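Notes follow the structure.
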Amino acid sequence: MTTPDHQTAPDVVTFGETMAALRAHGPLRLGGSLGLSMAGAESNVAVGLARLGHRVRWAGRVGGDELGALVLRTLRAEGVDTGYAITDDSGRPTGLLLTEPRLGTLTRVSYYRAGSAGSAVSPADVLPALASGPRILHLTGITPALSASAAEAALAAATTAREAGITVCLDVNYRSRLWSADRARTVLRPLLSRTDLLIASEDELPLMLERPHADESEGLKSLLAAGVREVVIKRGARGATTCTADGATDRPARQVDAVDLVGAGDAFVAGYLSGLLHGADIPDRLHRAVTTAAFAVGTRGDWEGLPTEDELGLLDRPDGTTIR
């Protein structure tokens, strides 16, 4: 794990809302104990990359409350640079999410983030974090859904990064409880001209297309024609596909007993970006991505089970292996 140092150029900069996360062990209406942690798509990716040995910087806002302190303390403990994070002094609270298991691996998530500190993020909050020249800017489609200023911050960061020659990665990460599909398409499509690497699940890909009902092949051609260099399609238990102007590369998922699917997509992104930072070719990037996703699926929590660099080979060990 790297030691955070906000004076050193990071490999990756990301920003967005990180919330306090309360995880139930059963239906919320029945009460019972809750586990307290933190969660946020961008910070999940940041933790995943830091565990894999990369220098990562997270920017954003948290409330001036104990939950905000928890978020920052946890990120720092995971080796993520929080030197550009802002503690909001206006009274806005740190956002909150509740997760409850409902059926097998089906999980229900409830958000309490309206008026939160994280939703007030603005370009002035995040652009300084790019000044030292990271190799990659990682964005998600969650941040622009939070507020007008957050959408402006995402667009400004992508524009600044593109002009500086920084690779821009956008994970669509659509959240239907935050905005409609039509609104998401309107706000996210302008980011395409500034995006080098687009990541989306199969059901999210139409949100980025001018013709949302186009078939996948036609849609991919239009995205590559719009200037995106690489499109990665997450296919869940069926693996993933990377498409470039040179063609498509498929990779099956790693087979593990699924425990908790929340956070698997963020783990996948962390693995893929790690491979990119290492200079790996597309098949190896996909291999690392489906491996980190398998760790997330096989353990509980959004980020807690993510692997370190030396743990990536554990899935190749026979079942029942004890490492002594």
Side-chain angles (χ1 to χ4, degrees), residues 11-12 14 41-42 44-45 48-49 52 54 134-141 158 161-162 165-174 188-189 191-210 212 214-256 261 263-297 306-307 309 312 315-316:
D11 296 317
V12 179
T14 189
E42 300 85 4
N44 293 343
V45 172
L49 284 165
L52 293 172
H54 303 286
R135 294 173 61 185
I136 296 173
L137 167 67
H138 172 62
L139 304 171
T140 79
R162 172 55 73 93
I166 298 166
T167 296
V168 177
C169 171
L170 172 63
D171 181 3
V172 176
N173 232 330
Y174 174 64
L188 293 180
R189 274 189 50 81
L191 290 170
L192 279 179
S193 63
R194 299 152 174 90
T195 298
D196 301 289
L197 169 59
L198 179 69
I199 301 177
S201 59
E202 290 172 303
D203 60 334
E204 291 169 340
L205 196 63
L207 295 175
M208 305 306 295
L209 304 179
E210 185 175 2
D215 63 33
E216 184 175 286
S217 176
E218 180 185 347
L220 288 169
K221 288 179 182 178
S222 70
L223 291 171
L224 295 172
V228 179
R229 295 203 305 257
E230 206 166 313
V231 181
V232 182
I233 304 173
K234 297 178 289 186
R235 304 190 190 277
R238 293 183 291 109
T241 303
T242 295
C243 301
T244 69
D246 296 324
T249 303
D250 296 310
R251 175 75 197 191
R254 303 293 297 260
Q255 298 303 306
V256 295
L261 303 184
D266 302 328
F268 177 96
V269 172
Y272 198 89
L273 293 181
S274 176
L276 181 61
L277 290 165
H278 278 299
D281 60 16
I282 287 175
D284 284 344
R285 289 181 221 166
L286 284 170
H287 175 73
R288 180 166 287 218
V290 297
T291 299
T292 50
F295 273 89
V297 168
L306 297 181
E309 181 86 19
L312 288 173
L315 289 180
D316 298 320

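All heavy atoms count here, side chains included; hydrogens, waters and symmetry mates do not. Starting from 1, each residue takes its place in the sequence as its number. Because the structure is predicted, anything quoted here is derived from the model rather than measured.
For Ala158, the side chain to side chain contact (heavy atoms under 4.5 Å, CB included) test picks out Leu139, Val168, Leu191, Arg194, with sequence neighbours left out. Applying the side chain to side chain contact (heavy atoms under 4.5 Å, CB included) criterion to Asp250, with sequence neighbours excluded, gives Thr241. The salt bridge (Lys or Arg N to Asp or Glu O under 4.0 Å) search around Asp266 returns none, not counting sequence neighbours. Remark: Glu210 engages no residue in a salt bridge (Lys or Arg N to Asp or Glu O under 4.0 Å) (not counting sequence neighbours). Shown here are the side-chain hydrogen bond (donor to acceptor under 3.5 Å, both in side chains) partners of Ser201, two or more places apart in sequence or in another chain: Asp203, Glu204. Residues satisfying the side chain to side chain contact (heavy atoms under 4.5 Å, CB included) criterion with Val290, sequence neighbours excluded, are Arg251, Arg254, Phe268. Taking Thr292 as the reference, nothing meets the side-chain hydrogen bond (donor to acceptor under 3.5 Å, both in side chains) condition, with sequence neighbours excluded. With sequence neighbours excluded, the residues forming a salt bridge (Lys or Arg N to Asp or Glu O under 4.0 Å) with Asp11 are Arg55, listed by chain and number. Shown here are the side chain to side chain contact (heavy atoms under 4.5 Å, CB included) partners of Thr249, two or more places apart in sequence or in another chain: Ile282, Pro283, Leu286. Residues satisfying the salt bridge (Lys or Arg N to Asp or Glu O under 4.0 Å) criterion with Arg189, sequence neighbours excluded, are absent altogether.
With a 4.5 Å cut-off on side-chain heavy atoms, Thr14 and Leu137 do not count as touching. Leu198 places none of its side-chain heavy atoms less than 4.5 Å from the side chain of Val232. Contact of the Leu315 side chain with the Val256 side chain is registered, since non-hydrogen atoms from C-beta on lie closer than 4.5 Å. The closest side-chain heavy-atom distance from Val172 to Leu188 is below 4.5 Å. Inter-residue side-chain proximity for His54 and Val12 is flagged as unmet; no heavy-atom pair is nearer than 4.5 Å.
Panel note: side chain Arg135, backbone Leu277; a donor-acceptor pair is recorded below 3.5 Å. Between the side chain of Thr195 and the backbone N or O of Leu197 there is no donor-acceptor pair closer than 3.5 Å.
Screening residues 225-236 for salt bridge (charged side-chain N to carboxylate O under 4.0 Å, His left out), with sequence neighbours left out, gives Asp171-Lys234, Asp196-Arg229, Glu202-Arg235, Glu216-Arg235, Glu230-Arg285. Residue pairs meeting the salt bridge (charged side-chain N to carboxylate O under 4.0 Å, His left out) criterion with at least one partner in residues 267-282, sequence neighbours excluded, are absent.
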- Item | Test side chain to side chain contact (heavy atoms under 4.5 Å, CB included) applied to Leu205 and Leu223, step by step | CA-CA 10 Å; Leu205 196 63; Leu223 291 171; 3.7 Å; yes
- Working for side chain to side chain contact (heavy atoms under 4.5 Å, CB included), residues Ile136 and Leu273: CA-CA 8 Å; Ile136 296 173; Leu273 293 181; 4.1 Å; yes
